[in-house]
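What follows is a single structure, written as C-alpha cells, with notes after it.
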Amino acid sequence: MHFFIFVVMEKIAFIINPFSAKKNYEPFLAELKNKVDNPLYYISESIEGTNEFIRNHFDNIDIFVAIGGDGTISTVARNLINTDKILAIFPAGSGNGFSTETQFNRNLDELIEKIKTKKSRKIDTFTVNGQLSINVSGTGFDGKVVKEFEKTTRGFANYIKVSLKTFFSYKPIKLKFFTEEYQKYNGKYLMINVANTRQFGNNAYIAPHASKSDGLVDVVLVKKFPIRYSPVFAFRMFTKKLKADDYITYIPVSEVEFKVSTKNWHLDGEFNKIKSPIHIKVQPSSLNILI
C-alpha cells in the first residue's frame, strides 16, 4: 500500500507557510510524513522563496499543494495561472475563505484521495492593477481592518474587535467610475469589495451569488449604515442572505475602472497599497483547481 501511494504522489509538491495558523504546522508535517513516503515539501520563509521553489520544480510537478491561508494560496496560484498545473489546498489560515469555497478541509486523508484521482477544473481569477486575486479583495473599511488586524495576533475574536473599533472611527471613501453606465454609483462608501467567490472567510458571505466560473466578479458597494442596521448586516452576511438594499449594491462585471480616495487595499486578506486609478479585470478559466 505504501508503495502505491509513493508512485501516485511522486509528482506532488507541498508548500507550507510556517506562519499560518499560529505557526502550528508541525502536526500537519508529521501526519504527511506518516502517510506519504518521502514527500516533496518546502517550508516557506518568503514569497520569493515560494516562487523560486515552484520555478525549480515546475517541470516535474503536476499538483502543488498550498498549506496556509488565502494569502499563501494566492502566492502559489500566481505561479500556476494559465498553465496545466493543478492547485490543491490544505487550509491553515485564520479565515480560509477560498479553501472553503473550493471544498478543501483539514482532512489529510481526503486530500490524498483527491490527489490520487488528479481530477481538476478551471476557475476564474482576477487582477487589481495587474496583481492577482483569487477570492475577495477590497478597499475602504475592510482594507483598513486588514491593516489593523495584521498588527494583532490574528484570530476571529481579534478580527471582530478590530472591525468594531474601525467602524466607529472610519470615514467613508469616495468612489468615481470611469464607465458611463456605472457613474450613477459614484459617491461615498464604507467599503468596496471585488468578489470572485462568495465569502471573505469565517463563513462571512459578502457576495452570496458570486460564481468563480462565470467570467464575472461582483463589485460590492457598501454605504456607511446606521448602527441599528449592523445586526441586520451581520446576520445576513453570516447566513448567506446579504442582498441589494439601501446600503448595498452589487455590480457584476468582467472588467471595470474607477478611482478611490485611498491606497489601502487588501488582496485576498493581505494588506497592499494600490494607487488609483484602479483597473479590475477577470481572467476567465485561468486556474486549475483539484476537485
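Position 1 is the first residue of the sequence; numbering continues from there.
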Nearest heavy-atom pair of Lys188 and Pro172: which atoms, and what distance? CB-CB, 4.0 Å

Using modelled atom types only, decide if a donor and an acceptor are shared between the side chain of Asp218 and the backbone of Val220 within a distance under 3.5 Å. no

Can you sort out the partners of Asn60 under side-chain contact (heavy atoms from CB on, under 4.5 Å), two or more places apart, ordered by chain and number? none

What's the spacing between Phe19 CZ and Ser44 OG if we round to 0.5 Å? 7.5 Å

Listed by chain and number, what are the side chain to side chain donor-acceptor pair (under 3.5 Å) partners of Asn272, not counting sequence neighbours? none

Inter-residue atom distance Phe104.CZ - Asn96.CG, 0.5 Å rounding: 12.5 Å

At their closest point, which heavy atom of Val282 faces which heavy atom of Phe126, and how far apart are they? CA-CB, 3.9 Å

Quick one: closest heavy-atom pair of Asn17 and Gly68, and the distance? CB-CA, 4.5 Å

Would you say Ile86 and Ile291 are hydrophobically clustered, going by side-chain heavy atoms of ILVMFWY under 4.5 Å? no

Results of salt bridge (charged side-chain N to carboxylate O under 4.0 Å, His left out) for Glu31 - residues two or more places apart only: Lys35

Do the side chains of Phe178 and Val194 join up, straight or via other hydrophobic residues, at under 4.5 Å, putting them in one cluster? no

Heavy atoms only: give me the nearest Leu111-Ala88 pair and the separation to one decimal. CD1-CB, 4.2 Å

Hey, mind stepping through Val76 and Leu87 against side chain to side chain contact (heavy atoms under 4.5 Å, CB included) and telling me if it holds? CA-CA 8 Å; Val76 175; Leu87 173 70; 3.8 Å; yes

In Å, rounded to the nearest 0.5 Å, how long is the span from CG of Asn202 to CE of Met237? 10.0 Å

Summary of salt bridge (Lys or Arg N to Asp or Glu O under 4.0 Å) pairs that have at least one residue in residues 66-85, sequence neighbours excluded: none

Can you list the residues that meet the side-chain contact (heavy atoms from CB on, under 4.5 Å) rule with Lys165, with sequence neighbours excluded? none

Please walk me through it: do Leu40 and Ile61 pass side chain to side chain contact (heavy atoms under 4.5 Å, CB included)? CA-CA 10 Å; Leu40 173 64; Ile61 297 297; 3.7 Å; yes

With side chains defined as the heavy atoms from C-beta onward, is the minimum distance between Thr139 and Met191 less than 4.5 Å? no

Taken in chain and number order and not counting sequence neighbours, the residues that satisfy salt bridge (charged side-chain N to carboxylate O under 4.0 Å, His left out) with Asp246 are none

Hydrophobic cluster membership, with links at side-chain heavy-atom distances under 4.5 Å among I/L/V/M/F/W/Y: are Ile47 and Phe98 in one? no

Evaluate the criterion side chain to side chain contact (heavy atoms under 4.5 Å, CB included) for residue pair Asn51 and Thr75; output intermediate values, then yes/no. CA-CA 8 Å; Asn51 293 342; Thr75 299; 4.1 Å; yes

Can you pull out every ring-ring contact (aromatic ring centres under 6.0 Å, His included) where at least one residue sits in residues 52-75? Sequence neighbours excluded, please. Tyr42-Phe53, Phe53-His57

Side chain proximity check, Trp265 to Lys273, heavy atoms < 4.5 angstrom: no

With heavy-atom distances below 4.5 Å as the criterion, would you say the side chains of Tyr25 and Ile67 are in contact? no

Mark yes or no for whether Asp268, through its side chain, and Ile134, through its backbone, hold a donor-acceptor pair below 3.5 Å. yes

Hey, does the side chain of Thr262 reach the backbone of Asn264 with a donor-acceptor pair shorter than 3.5 angstrom? yes

Is the shortest side-chain heavy-atom distance between Ile173 and Phe141 below 4.5 Å? no

So, are Arg55 and Glu52 salt-bridged, with charged N and O less than 4.0 Å apart? no

Return a table of donor-acceptor pairs under 3.5 angstrom between the side chains of residues 205-216 and protein atoms on other chains or two or more places apart.
from	atom 1	to	atom 2	distance (Å)
Ser211	OG	Ser213	N	3.1
Lys212	NZ	Glu101	O	3.1
Asp214	OD1	Leu216	N	3.0

Going by heavy atoms in the side chains, are Ile63 and Lys11 under 4.5 Å from each other? no

Any side-chain hydrogen bond (donor to acceptor under 3.5 Å, both in side chains) involving residues 278-291? Give me the pairs, sequence neighbours left out, ordered by first then second residue. Ser120-Asn288, Thr125-Gln283, Thr125-Ser286, Glu255-His279

Can you list, pair by pair, the side-chain donor-acceptor contacts under 3.5 Å of residues 223-236, counting residues two or more places apart and other chains?
from	atom 1	to	atom 2	distance (Å)
Lys224	NZ	Phe167	O	2.9
Lys224	NZ	Tyr170	O	2.7
Tyr229	OH	Asp245	OD2	2.4
Ser230	OG	Ile227	O	2.5
Arg236	NH1	Asp245	OD2	3.2

Tell me every residue that passes side-chain contact (heavy atoms from CB on, under 4.5 Å) with Lys275, counting only those two or more places apart in sequence or in another chain. Lys263

Shortest non-hydrogen pair, Glu110 vs Asn105, comes out as OE1-ND2, 3.1 Å

Is it true that, when you exclude Lys119 itself, more than 12 heavy atoms of the residues, nucleotides or ligands shown sit nearer than 6.0 Å to its NZ? no

Do Ile43 and Phe14 sit in the same hydrophobic cluster, where Ile, Leu, Val, Met, Phe, Trp and Tyr count as joined when their side-chain heavy atoms come under 4.5 Å apart? yes

Mind checking whether Phe177 and Phe258 have parallel, tilted or perpendicular rings, split at 30° and 60°? perpendicular

Within a strict 4.5 Å, meaning less than it, do heavy atoms of the Ile248 and Leu221 side chains meet? no

Who passes side-chain contact (heavy atoms from CB on, under 4.5 Å) against Gln103, sequence neighbours left out? Lys114

Kindly give the heavy-atom pair with the smallest separation between Ser20 and Thr72, and that separation in Å. OG-OG1, 3.8 Å

Keeping the roles fixed (side chain from Thr179, backbone from Tyr182), state whether a donor-acceptor pair exists under 3.5 Å. no

Could you walk me through whether Val222 and Ile192 satisfy the side chain to side chain contact (heavy atoms under 4.5 Å, CB included) test, starting with their C-alpha distance in whole Å, then the side-chain angles of each, then the deciding distance to 0.1 Å, before giving a yes or no? CA-CA 6 Å; Val222 182; Ile192 298 153; over 6 Å; no

Quick one: pull up OG in Ser74 and CD in Glu270 and give me the separation to the nearest 0.5 Å. 8.0 Å

